[in-house]
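Notes follow once the structure below has been shown.
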Amino acid sequence: MSSVDVIVPCYRYAHFLCECVQSVLSQPVSPLRVAIIDDASPDNTAEVATMLAREDRRVTSLRHRANRGHIATYNEGLEWASADYVLLLSADDYLAPGALRRSTDFMDAHPKVGFAFGSALELYEDNTTRSVRPPISIPTTTGTRVLAGSEFVDISRSRNIVPTPSAVVRTSLQHRVGGYRPELPHAGDMEMWLRLASHASVGVLAACQAVYRRHRRNMSLAYTGRNALFDLMQRHAAIQCFDPAGSGTSKLSDAQYRSMLRWLAGDAIGFASTAFNQGAFDACNELSRFAVCVSPGITRTIGWTKLACKRRLGLERWRALAGMLGRRIEP
C-alpha cells in the first residue's frame with residue numbers, strides 16, 4: 001500500500017487540532033505520518049500537539065520560536081514529506097472517512113495523475129453545511145475522472161476550483177515543481193494547482209473528501225466582500241506566473257493565458273456591478289479600471305455594456321428600473 005504524509009500547519013487553532021489530526025489517523029492507510037507544525041501560536045497549540053505526538057508515534061510535533069507565516073510553514077512541511085503522497089491539511093479542517101484511501105487507490109491506478117481532489121463540505125459556526133463541488137462532470141459509473149492538465153486549466157478559468165483539504169499530491173512531482181510562492185499569500189493554492197497541472201494529469205473524485213470550517217478567523221475572509229479587489233489582484237499575480245512571454249517556465253499556451261485574463265476581467269466587472277448596486281462607487285471604479293488593465297477587450301463585452309448603462313442611469317434610476325422589471329438589487 002502507498003505511503004502518505006500529512007502536513008498540519010497550525011496557528012491559533014488548538015481547539016480544532018485534535019479533531020483534525022484524529023480524522024487523519026483514523027484513515028485506513030499505512031504507512032502514514034502526520035507533521036503538526038505550530039507557527040508560534042499564542043494559544044495552547046504546543047501542548048495539544050505534544051499530547052497528540054505522545055499518544056501516537058505516527059505524529060511529529062514541530063514548533064517555530066517565531067511566527068514565519070503560512071507560506072513558509074507550508075514549504076517546510078513539503079520539504080519534510082518523503083512518502084508517495086502528500087496532503088496539506090489546515091488544522092481547522094478535517095478529512096472525511098476513507099478520503100486518503102480513495103485518493104491513493106485512484107492515483108495508484110493512474111500513475112500519470114499528479115494530484116487528485118474531490119468534493120468537500122463547508123461547515124459553519126451554526127453547524128449548517130454547504131456542499132462544495134468542483135465544476136466538473138464525473139461519470140456516475142466510476143465516480144472518478146482523469147483530466148489532461150490543459151483541460152484542468154481550461155475548466156479552472158481564473159479561479160481556484162480545488163477544495164484544498166481534499167487535494168492529495170504525488171510527492172515526487174511536488175518536489176520537482178517546488179513549493180508555494182511567498183508573493184502569493186492568498187492565491188498560492190490556485191497557482192500551485194495550475195503549476196502541477198502543467199506537468200501532469202489531474203484526478204477528480206465525486207466523493208466528499210474533506211470538511212472546510214468556515215469561521216471568523218478564516219484567512220480567506222480578508223479577501224471577500226468589499227475587499228474583492230485584493231482577491232482579484234492575487235489571482236492576477238498567480239496567472240502572471242504562467243505568462244508564455246515571461247521569463248518563467250510556463251507550460252501553458254498563449255491562448256490559455258489570455259483566456260484566463262479575460263475570465264478574471266469578467267469576474268472584476270461582476271464585482272464592480274455589485275459594488276455599484278451597493279453604492280460603493282469608488283470600489284466600482286477601481287474594479288472597472290482593474291478589469292481594463294488586465295484585459296482591455298473587456299470593454300467590448302455585454303457585462304461591460306450593462307455596467308456602463310447602469311452608471312449612465314445612476315443608482316436611483318437603476319433601482320427604480322430594476323424594480324419595474326422585477327429584478328432583485330443587492331443591498
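Since we're looking at a predicted model, the values are computed, not measured.
Screening residues 126-157 for ring pair (Phe, Tyr, Trp, His ring centres under 6.0 Å), with sequence neighbours left out, gives Phe115-Phe152. The stretch residues 18-36 participates, sequence neighbours left out, in these salt bridge (Lys or Arg N to Asp or Glu O under 4.0 Å) pairs: Asp5-Arg33, Glu19-Arg213. Within the structure, every pair that satisfies the salt bridge (Lys or Arg N to Asp or Glu O under 4.0 Å) test and touches residues 261-273, not counting sequence neighbours, is listed here: Arg159-Asp267, Arg235-Asp267. Applying the ring pair (Phe, Tyr, Trp, His ring centres under 6.0 Å) test to residues at least two apart or on different chains, none of the pairs has a partner in residues 78-101. Applying the salt bridge (Lys or Arg N to Asp or Glu O under 4.0 Å) test to every pair with at least one member in residues 161-173, sequence neighbours left out, gives no pairs at all. Residue pairs meeting the salt bridge (Lys or Arg N to Asp or Glu O under 4.0 Å) criterion with at least one member in residues 287-300, sequence neighbours excluded, do not occur. Screening residues 137-151 for side chain to side chain donor-acceptor pair (under 3.5 Å) gives Ser137-Arg145, Arg145-Glu151 as the qualifying pairs, with residues at least two apart or on separate chains.
Checked by atom type and distance alone, the side chain of His236 never pairs as donor or acceptor with a backbone atom of Phe290 at under 3.5 Å. Not one N or O on the side chain of Ser295 forms a donor-acceptor pair closer than 3.5 Å with the backbone of Val292. Not one N or O on the side chain of Thr301 forms a donor-acceptor pair closer than 3.5 Å with the backbone of Gly297. Proximity of a side-chain donor or acceptor of Ser259 to a complementary backbone N or O of Ala255 within less than 3.5 Å is not detected. Of the possible donor and acceptor atoms, one in the side chain of Thr171 sits under 3.5 Å from a partner among the backbone N and O of Ala83. Judged purely by atom type and a 3.5 angstrom limit, Glu47 has no side-chain atom pairing as donor or acceptor with the backbone of Met51. At least one donor-acceptor pair closer than 3.5 Å links the side chain of Arg195 to the backbone N or O of Val177. For Asn75 (side chain) and Gly179 (main-chain N/O), no donor-acceptor pair under 3.5 Å exists by modelled atom type. Between the side chain of Arg312 and the backbone N or O of Leu307, no donor-acceptor pair lies under 3.5 Å. A donor-acceptor pair under 3.5 Å is formed between the side chain of Gln209 and the backbone N or O of Ala99.
Environment of CE in Met233: sparse, with no more than 12 heavy atoms of neighbouring residues, nucleotides or ligands closer than 6.0 Å.
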_Trace of the side chain to side chain contact (heavy atoms under 4.5 Å, CB included) decision for Asn277 with Lys310_ = CA-CA 9 Å; Asn277 293 345; Lys310 288 164 66 171; 3.0 Å; yes
*asked:* Ile155 vs Ile161, test: side chain to side chain contact (heavy atoms under 4.5 Å, CB included). Steps then yes/no.
replied: CA-CA 8 Å; Ile155 293 172; Ile161 65 170; 3.9 Å; yes
*asked:* Evaluate Thr129 against Glu122 for side-chain hydrogen bond (donor to acceptor under 3.5 Å, both in side chains), listing each step before the verdict.
replied: CA-CA 5 Å; Thr129 60; Glu122 287 187 337; over 6 Å; no
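Checked by atom type, the side-chain pair Asp38/Ser41 shows a donor-acceptor distance below 3.5 Å. In the model, Asp39 has no side-chain atom that pairs as donor or acceptor with a side-chain atom of His70 under 3.5 Å. No hydrogens or angles considered: nothing links the side chains of Arg12 and Asn44 as a donor-acceptor pair under 3.5 Å. Residues Gln27 and Arg101 bring no donor and acceptor atom of their side chains to less than 3.5 Å of each other. Of the N and O atoms on the side chains of Ser273 and Lys306, not one donor lies less than 3.5 Å from an acceptor on the other residue.
With sequence neighbours excluded, no residue forms a salt bridge (Lys or Arg N to Asp or Glu O under 4.0 Å) with Asp108. The salt bridge (Lys or Arg N to Asp or Glu O under 4.0 Å) check on Arg68 picks up Glu76, with sequence neighbours excluded. Every residue two or more places apart in sequence or in another chain was checked for a ring-ring contact (aromatic ring centres under 6.0 Å, His included) with His64, and none qualifies. Listed by chain and number, the residues in a ring-ring contact (aromatic ring centres under 6.0 Å, His included) with Phe106 are His110 (sequence neighbours excluded). Residues satisfying the salt bridge (Lys or Arg N to Asp or Glu O under 4.0 Å) criterion with Arg157, sequence neighbours excluded, are absent altogether.
Residues Leu100 and Leu32 are in side-chain contact: their nearest non-hydrogen atoms beyond the backbone lie under 4.5 Å apart. Side-chain contact check for Leu17 versus Val21: some heavy-atom pair is nearer than 4.5 Å. Residues Leu121 and Arg130 are not in side-chain contact: their nearest non-hydrogen atoms beyond the backbone lie 4.5 Å or more apart. Two residues are said to be in side-chain contact when any heavy atoms from C-beta on lie closer than 4.5 Å; Phe271 and Thr274 fail this criterion. Contact check for Val4 versus Asp84: no side-chain heavy atoms found under the 4.5 Å cut-off. Using a 4.5 Å heavy-atom threshold, the side chains of Leu88 and Thr164 count as separate. You'll find the side chain of Asp93 stays beyond 4.5 Å of the side chain of Val211, heavy atoms only. With a 4.5 Å cut-off on side-chain heavy atoms, Val48 and Ile36 do not count as touching.
Remark: Ile71 CD1 to Leu184 CG distance equals 7.5 Å, nearest 0.5 Å. Rounded to the nearest 0.5 angstrom, Leu89 CG and Leu95 CG are separated by 5.0 Å.
Between Glu191 and Arg181, at least one side-chain N (NZ, or NE/NH1/NH2) sits under 4.0 Å from a carboxylate O, which counts as a salt bridge.
The six-membered or imidazole ring of Phe242 lies away from that of Tyr257, with a centre-to-centre distance of 6.0 Å or more.
Considering every non-hydrogen atom in both Ser288 and Trp304, the closest pair reads O-CZ3, 3.9 Å.
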